[in-house]
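Just so it is clear, the structure is predicted and the values come from calculations on it, not from any experiment. Hydrogens, waters and symmetry mates play no part in the numbers below; they use all other heavy atoms, side chains included.
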Number of protein chains: 2
Amino acid sequence: MARPREFDEDRVLDAAMETFWRKGYEGTSAQDLVDATGLGRGSLYAAYANKQGIFEQALRRYHKRAQGHVDQLREPGSPVERLRALMEGIVDVDLGASEKRGCLATNSAIEVANRDPHVADLVRGNFDILTRGIEETIRRGQDAGEIRSTTDAETLALFVFNAVQGLRVLTSTAGAKDRAKLTTIIDQTLIALT
Amino acid sequence: MARPREFDEDRVLDAAMETFWRKGYEGTSAQDLVDATGLGRGSLYAAYANKQGIFEQALRRYHKRAQGHVDQLREPGSPVERLRALMEGIVDVDLGASEKRGCLATNSAIEVANRDPHVADLVRGNFDILTRGIEETIRRGQDAGEIRSTTDAETLALFVFNAVQGLRVLTSTAGAKDRAKLTTIIDQTLIALT
DNA sequence: TCGATTATGGAACGATCATTAAATAATATC
DNA sequence: GATATTATTTAATGATCGTTCCATAATCGA
């Protein structure tokens, strides 16, 4: 029919995703996306219509990160220790980084979703992936008698996911010396499951 | 000495605060601030040097909101019910709003603090005000035997504050039909205190 | 090989960005 | 009332914003 695309869509969206992740939605310019992806302006706009379109596709691409966290939850170890590893990992990545960037879904929830219902839906889809992974882990913990069964796994999963999002906010203002505080929050969250 | 200021600094900073709150830091332009404050560009820049300076002062002004939440915690009622009112109030304001804006401190934590340590310090100061108010409330609850004393009030306050920040993230992607989910999170958070 | 169709890269669009310069106005001290 | 100092207003700065246009290139089915 016509000339085929020369660029690898996954590579382009990964580059866009990294840019939005590092600089935020409003903080990312079309020039930033051209530089990051290597594409010409025309190609970018022909493929994704506008900045918002690029952002939405980059956010969809980000879903694989949430799946990565779910995969980690399924690795060997007790369910509670897997949940601890999830939360400590989230905290440690940014506390140890020279440039903090948090989580693109969380960042987009706060910066964009408040004013854009369509992005809110996309972010919610991302949130659901992790929440279901947590729920699955909690169910395993309940079966093993490690987590209380007085509350259903779905409710406990929401509770843990909420704590995870809290950690993302607190980590963004925290320094290395605050690691102990964040650890006590993780401790209390896990204690609430027993 | 010289010509006195004609503008009321509190009014100007309130207007700037509202603008940053509603549109975000990067989403707010100098023109937006001129329109909101009624000042000329020159006056704004003479008084606050640049956009970042205006933002910092607006963020300082926002501290009174955190103090307002603390005041509410001190109103009549059992400590646990006061904490519930705090969290439900936070959720309800945005779920019922046509335009969600969340919390300026939380928004700034995510959008700005990750990349600006000075703003991180400012936001942390705001966070500390509410966290200490929560701690005070928890201590009252412990004295009344309503909240467990097996963990010190400071730790439990961090745990509750973390949940509050989680709610701010979740609320930004939530609709009116998600109120029940958020309520169960609040329930679980309070159950963890008993 | 031709015509239809789509991709590409770069130039160009008007609008807006944050910031500054300059001219005028108002006050305090002397 | 003169002078120094600061506030206010308006215009203008160069840079960058998101987006579009256009000429060229590459591939398809015919």
Take the protein atom [atom1] of [X] and the nucleotide atom [atom2] of [N], then report the distance between them rounded to whole Å.
X: A:Leu33; N: D:dT16; atom1: CG; atom2: P; answer: 16 Å
X: A:Ile54; N: D:dT20; atom1: CD1; atom2: P; answer: 12 Å
X: A:Glu6; N: D:dT24; atom1: CD; atom2: P; answer: 17 Å
X: A:Leu39; N: C:dG10; atom1: CG; atom2: P; answer: 11 Å
X: A:Leu44; N: D:dT19; atom1: CG; atom2: P; answer: 11 Å
X: B:Lys51; N: D:dC17; atom1: NZ; atom2: C1'; answer: 12 Å
X: A:Gln31; N: C:dC17; atom1: CD; atom2: P; answer: 19 Å
X: B:Arg5; N: D:dT8; atom1: CZ; atom2: C1'; answer: 12 Å

Any donor-acceptor pair under 3.5 Å linking the side chain of A:Gln165 with the backbone of B:Leu170?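 Side chain of A:Gln165 to backbone of B:Leu170: no pair is present.
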Check whether any side-chain N or O of A:Arg179 sits under 3.5 Å from a backbone N or O of A:Gly175 as a donor-acceptor pair, and report yes or no. no
Map B:Ser43 and A:Ala30 onto DNA chain D by nearest heavy atom, then report which one ends up closer to the 5' terminus. B:Ser43
Would you mind telling me which residue lines up with the more 5' stretch of DNA chain D, B:Arg41 or A:Tyr25, judged by nearest nucleotide? B:Arg41
Six-ring centre of A:Tyr25, A:Lys51 cation under 6.0 angstrom, axis tolerance 45°: yes
Strictly below 4.0 Å: does B:Tyr45 bring a side-chain N or O up to OP1 or OP2 of C:dT20? no
Base, sugar-phosphate, or nothing for B:Ser29, non-hydrogen atoms under 4.0 angstrom?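 Here B:Ser29 touches the backbone only, sparing every base.
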Let me see the working for A:Asp32 and A:Ser29 under side chain to side chain donor-acceptor pair (under 3.5 Å), right down to the final yes or no. CA-CA 5 Å; A:Asp32 289 332; A:Ser29 68; 3.2 Å; yes
